[in-house]
Amino acid sequence: MNIFSEQIAKALNLRAEYVDNTIALLDLGCTIPFIARYRKERTGGMDEVQISAVKNQYERLCELQKRKESILKTIDEQGKLTPELRQRIEGSWDSTEIEDLYLPFKPKRRTRAQVAREQGLEPLATLLLLQRERDPWQAAQRFVKGEVADVESAIKGAQDIIAEMVSEDERSRQVVRQGYRQGAIIRSKVVKSKSESDEAAKYSDYFDWEEPLKRCSSHRLLAMRRGESDGILRVSITIDDERCVDRLDRFYMKGYGPCSRLVGEAVEDGYKRLLRPSIETEFASESKQKADEEAIRVFVDNVQQLLLAAPLGEKRVMGIDPGFRTGCKVVCLDAQGNLLHHEAIFPHPPVNHRMQATVHVEQMVKDYHIEAIAIGNGTASRETSEFIRDLHFDYQVQTFVVSEDGASVYSASKTAREEFPDEDVTVRGAVSIGRRLMDPLAELVKIDPKSIGVGQYQHDVDQSKLKKSLDQTVEHCVNLVGVDLNTASRHLLTYVSGLGPTLAQNIVDYRKEHGAFTSRAELKKVPRLGPAAYEQCAGFLRIRGGKNPLDNSAVHPESYGIVEQMAKDCGCTISALMQDDEQRKKIVLKNYVNDRVGMPTLKDILLELEKPGRDPREQIEEFSFDPNVKEVDDLEEGMVLPGIVTNITKFGAFVDIGVHHDGLVHISQLANRYVKDPNEVVHLHQHVMVKVTEVDTRRGRISLSMKGV
């Protein structure tokens, strides 16, 4: 069993056996989606969240083990590693405790205490700490020599040594930490010279702000820290200094004599000059880390909802990137998202060629058999939607408003240039809008998630942690839905379990050279795609109309033999087994249990035979704003309006009500009950009804409520 398995199992409340199996699978290079889907017997049915938690804990403990080995080596080289210290370091898995134990031995720059030690004043510091001398100045007289000019210098040097000892003592640090945990206050003040600047206005709520650190929400803390980095705010975390010094004095002062007073001065100096700044930095970092984790979680939740948004599917789509002066760029796409035609129309002022635009759009819909129209939600979106809905087509054409966040980023990217080398950025942007309607997941994976308009303070958090979480989220979404092997882009294939950029490109190159894949087994012919990668990716790739109907399902090739035996036992073909509910009812799952395959996998197989290749995403719905409300000036308190949720934060949800400016439904206004997390009530792109409660035109804020609506 892995040395960390039992420790992780205890921390996560899981069985050690399953944790150990999971670690073994991770060490073999298995991905989280693969383990969660196809190795349930070995993990006890852990989901991706649990497996991810095991992975994170395992990585943390491995890093901590390396750190402990490095610390032990450093102390040992100094000749100061006692058996007791070794035992404490080896037995601890608390990084803070380990660093506290290491601090006195940690190589550091030349401090005042170090200078005093070099001057031979350490015995005097020890003498002062004993607090037995009636006249410490007399005792210090014998240390006045060399660089120590006088008694005061000797006493001061000894106090510097005591101050450093206090700041590095494990008990002292715990006392101050306790003070920060219980009573730390975070304060922000505006930099006076910046208070009147336009840039400072957005931080006005924090010009003179304070609150207990433990109650400071992630979005407020990140807002203050951003204001600090922009040079607008000064932020500090403080505690009751007097109370903290009193508690430290109890450790070091043994009375009220002259030595005790000198020790008390050293303790206070050590606290204010060394200990407090160190612990304040620690808590500033810790609070920022917690705020980052919260913000990352919010952002990841939003990205997941966006990636798993309802797809229209393989329909012939018209994509429109709306605009006023420069017109609306229109593209026509076939059911696979290929560009068939593009042109610009000018139905709005100042050009106002509305009749000409009407004729052109109606003709394009007819010529290219358009089944749905996707309109970007940026400038002129509302006006373009109304223009399109006033047109008359020979058949019903659905109209949808699509988020265009990040479309401009995509249109100028290397990916877009590779796809459409002969088209300009406006055409590429309109194509992206149209494809987002057909399959949001397939299109949005081409864009940096930080550019798709959801989340809070995602540019202020730890970027490496954010990237890791986002990559994992995209991987989860792609593998949850599954990927069409013969139509998927290189970017989509990159996130399939076991692939990555190189193998994804090799698959695309093989497809171009040899044509469409006819079986999953053909993947083995792709250069550099070996048995391990095939095992990881095969179950998540789909082939429609292939030789084997199971190739268009989530049944893994390693289990094809089981399905073949099921069909044989039922006296029918695999296709008949998948199509006939009565045949599937004959299957007795326990008959197919063996050493490798248990009931969890068999139940998954049966579910997949019932609905092969099922898409877990919802069905898309059309939406219309209130036709009487077009601008902020049209809003009145008490109005009840339809809206679309565009972003979810820790403090509430932003809703587009069609006035070119999103309104905020504060978390307290989401429901007629206490809401801990907005995701309990709303999800991205959800159609909701909201009531206007306040319109602040000066600050550009619209307050909304969903209570009782």
Side-chain angles (χ1 to χ4, degrees), residues 201-207 209 211-212 214-224 226 290-291 294-306 309 377 381-382 401 403 405 452-458 618 621 623-709:
K202 60 186 175 183
Y203 299 113
S204 59
D205 290 345
Y206 303 102
F207 279 6
W209 177 269
E211 67 177 312
K214 61 186 176 185
R215 290 210 293 266
C216 183
S217 65
S218 64
H219 65 271
R220 287 201 299 274
L221 191 139
L222 290 171
M224 284 186 263
R226 179 186 285 182
K290 287 179 180 177
E294 185 62 45
I296 289 171
R297 188 190 66 77
V298 170
F299 188 39
V300 162
D301 285 348
N302 285 347
V303 168
Q304 179 165 316
Q305 290 180 36
L306 205 57
N377 68 343
S381 172
R382 182 72 182 273
V401 175
S403 170
D405 285 320
I452 56 180
V454 296
Q456 61 181 53
Y457 300 103
Q458 59 263 32
E618 297 176 353
E621 298 176 358
F623 174 85
S624 296
F625 292 114
D626 188 311
N628 301 311
V629 177
K630 300 179 181 179
E631 305 292 339
V632 174
D633 292 341
D634 297 333
L635 296 175
E636 295 178 8
E637 289 184 17
M639 278 184 167
V640 176
L641 303 167
I644 299 176
V645 178
T646 58
N647 195 8
I648 301 172
T649 67
K650 188 65 179 173
F651 54 85
F654 288 92
V655 177
D656 182 359
I657 52 175
V659 294
H660 311 293
H661 196 97
D662 290 356
L664 172 66
V665 183
H666 189 267
I667 190 169
S668 62
Q669 297 297 312
L670 283 170
N672 291 315
R673 58 179 176 83
Y674 172 72
V675 177
K676 185 178 180 181
D677 183 345
N679 284 292
E680 297 171 11
V681 182
V682 291
H683 59 264
L684 278 177
H685 295 173
Q686 181 180 346
H687 301 169
V688 295
M689 296 299 294
V690 293
K691 181 190 290 184
V692 180
T693 58
E694 184 184 355
V695 182
D696 185 343
T697 52
R698 185 182 68 83
R699 300 178 75 183
R701 293 184 178 180
I702 303 168
S703 298
L704 307 170
S705 175
M706 288 171 54
K707 282 186 171 182
V709 179

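- Between the CZ atom in Phe654 and the CG atom in Leu664 there is a gap of 4.5 Å [rounded to 0.5 Å].
- Residues Pro642 and Asp626 are in side-chain contact: their nearest non-hydrogen atoms beyond the backbone lie under 4.5 Å apart.
- Side-chain contact between Val690 and Val640 is absent, with no heavy-atom pair separated by less than 4.5 Å.
- Here Met224 contributes atom CE and Tyr203 contributes atom OH; the two are 12.0 Å apart, rounded to the nearest 0.5 Å.
- Between Gln669 and Ser703 the shortest side-chain heavy-atom distance does not fall below 4.5 Å.
- Atom NZ of Lys691 sits about 6.5 Å away from atom OG of Ser705, to the nearest 0.5 Å.
- Judged as a side-chain contact (heavy atoms from CB on, under 4.5 Å), and not counting sequence neighbours, the contacts of Ser204 are Phe207, Arg699.
- In this structure, CG on Asp656 lies 10.0 Å from NE2 on His685, to the nearest 0.5 angstrom.
- Counting only distance, with no hydrogens or angles, the side chain of Arg382 and the backbone of Gly658 share a donor-acceptor pair below 3.5 Å.
- Expressed to the nearest 0.5 Å, how far NE2 of His660 lies from CG of Asn377 amounts to 11.5 Å.
- Applying the ring-ring contact (aromatic ring centres under 6.0 Å, His included) test to Tyr206 and every residue at least two apart in sequence or in another chain returns Trp209.
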For Thr693 and Glu637: C-alpha separation, side-chain torsions, deciding distance, then whether side chain to side chain contact (heavy atoms under 4.5 Å, CB included) applies.
CA-CA 5 Å; Thr693 58; Glu637 289 184 17; over 6 Å; no
Pair Val629-Met639, side chain to side chain contact (heavy atoms under 4.5 Å, CB included): steps then yes or no
CA-CA 10 Å; Val629 177; Met639 278 184 167; 4.1 Å; yes
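- Heavy atoms from other residues, nucleotides or ligands lying under 6.0 Å from NZ of Lys707 number more than 12.
- Under the side-chain contact (heavy atoms from CB on, under 4.5 Å) criterion, Ser217 pairs with His219, Arg220, sequence neighbours left out.
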Between Leu641 and Leu635, is the side chain to side chain contact (heavy atoms under 4.5 Å, CB included) condition met? List the steps.
CA-CA 10 Å; Leu641 303 167; Leu635 296 175; 3.7 Å; yes
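- A distance of 10.0 Å separates CG of Asn679 from CD of Gln304, quoted to the nearest 0.5 Å.
- Under the 4.5 Å side-chain criterion, counting only non-hydrogen atoms from C-beta, Val303 is in contact with Phe299.
- Taking both residues in full, the closest heavy atoms of Gly643 and Ile657 are given as CA-CG2, 4.3 Å, listed atom of the first, atom of the second, then distance.
- The heavy-atom pair separating Gly652 from Pro678 by the smallest distance is N-CG, 3.9 Å.
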Report the C-alpha distance between Val682 and Leu670 in whole Å, list the side-chain angles of each, state the deciding distance to 0.1 Å, and finish with yes or no for side chain to side chain contact (heavy atoms under 4.5 Å, CB included).
CA-CA 8 Å; Val682 291; Leu670 283 170; 4.3 Å; yes
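- Annotation: side-chain contact (heavy atoms from CB on, under 4.5 Å) contacts of Arg297 (sequence neighbours excluded): Glu294, Asp301, Lys650, Asp677.
- Partner Val688 forms a side-chain contact (heavy atoms from CB on, under 4.5 Å) with one of Val655, Leu704, Ile644, Val665 and no other, that one being Val655.
- Under the 4.5 Å side-chain criterion, counting only non-hydrogen atoms from C-beta, Val659 is not in contact with Glu631.
- Considering every non-hydrogen atom in both Leu221 and Ala291, the closest pair reads CD2-CB, 3.9 Å.
- A side-chain hydrogen bond (donor to acceptor under 3.5 Å, both in side chains) with Asn302 is found for one member of Asn647, Thr646, Thr649 and no other, namely Asn647.
- The side-chain heavy atoms of Lys630 and Phe625, taken from C-beta on, include no pair separated by under 4.5 Å.
- Applying the 6.0 Å contact sphere to CD of Glu618 captures no more than 12 heavy atoms from other residues, nucleotides or ligands.
- Among residues at least two apart or in separate chains, ring pair (Phe, Tyr, Trp, His ring centres under 6.0 Å) pairs with a member in residues 687-709 are Phe623-His687.
- Between Asn672 and Gly708, the shortest heavy-atom distance links the atoms ND2-N, 3.3 Å.
- Partners of Glu680 under the salt bridge (Lys or Arg N to Asp or Glu O under 4.0 Å) rule, at least two apart in sequence or in another chain, are Arg673.
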